[in-house]
*Asks:* 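Please read through the structure below; I'll follow up with questions.
We count residues from 1, following the sequence as given. As the structure lists them, so they are numbered: ligands from 1, and atoms in each ligand from 1. Source: prediction; values computed, not measured.
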Amino acid sequence: MFITDAHLDLAMNAMEWNRDLTRPVDEINAREKELTDKPDRGNATVSLHELRKGNVGLVVATQIARYVAPGNPLPGWHSPEQAWAQTQGQLAWYRAMEQAGEMMQVTDLATLNKHMALWGNEIKNEQKPIGYILSLEGADSLITVHYLEKAWGYGLRALGPAHYGPGRYSNGTDSTGLMGAEGLTLLKEMERLNIILDATHLCDDSFWQALDNFKGHVWASHNNARSLVQHNRQFSDEQIKVLIERGAVIGGVLDAWMMVPNWKMGISSPKEMNCNLETLIDHVDHICQLAGNALHVGMGSDLDGAYGKEQCPYDLETIADLQKFPSLFYKRGYSKEDVENIMHGNWLRFLRHAWS
Ligand SMILES: [Zn+2]
């Protein structure tokens with residue numbers, strides 16, 4: 001089955017983890033055997049090769065670079081200009097992948113239809129580029145609001161104003177507080193440019209304010225349910241309900257600490273916590289029960305989003321194993337139409353509507 005994954009930090013892996021994503025995952029991991037600079041070394045699950053193997057032909061791929069003010073303990077850049085430059089390096093990698101025929105940027109209805117037609121034909125997947133919609137995770141790197149139009153010009157089509165901690169435009173996960181004046185101006189500019197608001201990572205205060213102020217299209221690229229895993233990173237039922245009302249699609253995320261309660265970072269293991277692919281279906285099903293249908297959920301795996309096999313479902317070896325989901329959904333009683341919607345149809349419907 002064709003799969004769309006709405007959240008992958010591909011360029012971050014290429015540029016910060018130094019992973020050549022054109023290679024098979026086992027080759028990438030073999031090359032990291034001796035490295036200890038990051039906790040997930042040697043545990044990668046994502047590469048363009050594996051995406052093709054899993055028939056994951058369309059993804060939302062990010063640029064990501066945080067600004068940190070003095071005293072902010074999170075990793076990040078010391079000025080917005082440095083953060084901007086980091087995202088431009090990431091963009092250069094996406095462009096190089098396009099040149100190599102490895103990826104193709106999808107920016108509108110015409111390129112989406114062209115890409116879907118290519119994946120619908122008989123050619124072997126090895127010869128098809130992975131389609132990507134460019135998204136920015138955290139807006140810190142936009143030096144001023146005016147940079148958003150520049151970003152739109154190179155294909156940016158979705159934006160999550162926040163990531164972890166306090167942000168320049170909005171406050172994110174583990175943080176509190178409303179968006180400032182700049183954040184509200186950013187939302188207006190997003191509306192004007194028809195950039196999708198990614199509600200993921202908005203802290204509760206900023207979430208409600210953003211949804212009240214933003215009139216454009218909203219999705220949540222990678223979010224699980226707070227009622228199953230108590231933490232502000234997940235959405236409450238009230239938040240999920242308002243997203244459903246707004247026509248959002250919410251992507252299920254495969255980071256173990258967001259899937260099972262009481263995960264201890266660096267200590268827990270997926271096996272002992274009984275975290276498997278079916279655990280994600282609990283979250284997806286919870287959202288479907290709130291919606292009364294299967295039209296507002298999709299995949300937003302976030303695989304290799306600064307974690308690897310040590311912190312994702314134990315029955316997933318690489319991202320190609322997303323292909324195990326359809327049969328797991330059938331087992332839960334989901335219809336063929338539901339499963340097709342979850343695996344790709346809902347994201348495609350959302351995009352066609354947003355871009356029509
Ligand atoms: Zn994220």
Side-chain angles (χ1 to χ4, degrees), residues 4-17 38-40 43-46 59-68 72 74-77 83 86-87 90 132-142 156-175 195-204 206-207 210 218-226 229 231-235 239-240 243 248-260 263 265 280 283-284 287 297-308 310-313 319 322 347:
T4 298
D5 187 334
H7 192 81
L8 290 174
D9 298 315
L10 296 178
M12 183 190 83
N13 275 275
M15 303 308 296
E16 285 184 64
W17 269 246
K38 308 217 185 256
D40 56 327
N43 283 335
T45 65
V46 179
V59 304
V60 179
T62 64
Q63 296 172 294
I64 177 168
R66 179 186 297 117
Y67 161 73
V68 285
N72 185 341
L74 292 171
W77 297 98
Q86 177 72 5
T87 63
Q90 293 167 348
Y132 79 102
I133 296 141
L134 189 65
S135 178
L136 178 63
E137 185 168 28
D140 285 359
S141 58
L142 299 171
L156 189 78
R157 292 295 179 267
L159 167 60
H163 193 225
Y164 282 87
R168 294 178 60 230
Y169 295 92
S170 171
N171 293 303
T173 304
D174 290 334
S175 168
I195 290 179
I196 296 158
L197 170 65
D198 190 347
T200 295
H201 285 295
L202 290 170
C203 75
D204 288 359
S206 291
F207 173 92
V218 185
W219 70 23
S221 62
H222 56 306
N223 255 105
N224 290 346
R226 194 178 297 180
V229 179
H231 187 282
N232 71 78
R233 172 65 182 81
Q234 279 70 251
F235 282 146
Q239 289 173 309
I240 292 169
L243 287 169
V249 178
I250 303 169
V253 48
L254 289 170
D255 193 338
W257 83 267
M258 305 179 204
M259 297 175 71
V260 292
W263 179 274
M265 212 70 90
L280 185 73
H283 289 266
V284 171
I287 297 170
V297 287
M299 292 287 131
S301 78
D302 198 16
L303 286 169
D304 293 358
Y307 67 97
E310 78 291 350
Q311 199 176 299
C312 71
I319 195 163
L322 292 186
W347 292 123

*Asks:* Taking N, O or S atoms only and a limit of 2.8 Å, check whether His163 reaches the Zn ion (ligand 1).
*Replies:*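 No.
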*Asks:* Is it true that some N/O/S atom of Glu137, main chain or side chain, lies under 2.8 Å from the Zn ion (ligand 1)?
*Replies:*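 Yes - counting backbone and side chain alike, Glu137 has an N, O or S atom under 2.8 Å.
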*Asks:* Compare all side-chain heavy atoms of Cys203 with those of Asn232 and state whether any distance is below 4.5 angstrom.
*Replies:*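 Sidechains of Asn232 and Cys203: no contact.
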*Asks:* Is there a side-chain contact between Ser301 and Ile319, using heavy atoms and a 4.5 Å cut-off?
*Replies:*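 Contact flag for Ser301/Ile319 side chains = yes.
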*Asks:* Please name the residue in the list Asn43, Thr45, Asn13 that meets the side chain to side chain donor-acceptor pair (under 3.5 Å) test with Asp304.
*Replies:*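 Exactly one candidate clears the test, Thr45.
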*Asks:* Answer yes or no as to whether an N/O/S atom of His7 is found below 2.8 Å from the Zn ion (ligand 1).
*Replies:*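 Here the distance criterion (N, O or S atom, under 2.8 Å) is not met by His7, so no.
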*Asks:* Before accepting this row, confirm whether a basic side-chain N of the pair Asp255/Arg233 lies closer than 4.0 Å to the acidic partner's carboxylate O.
*Replies:*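 Answer for the salt bridge query: no.
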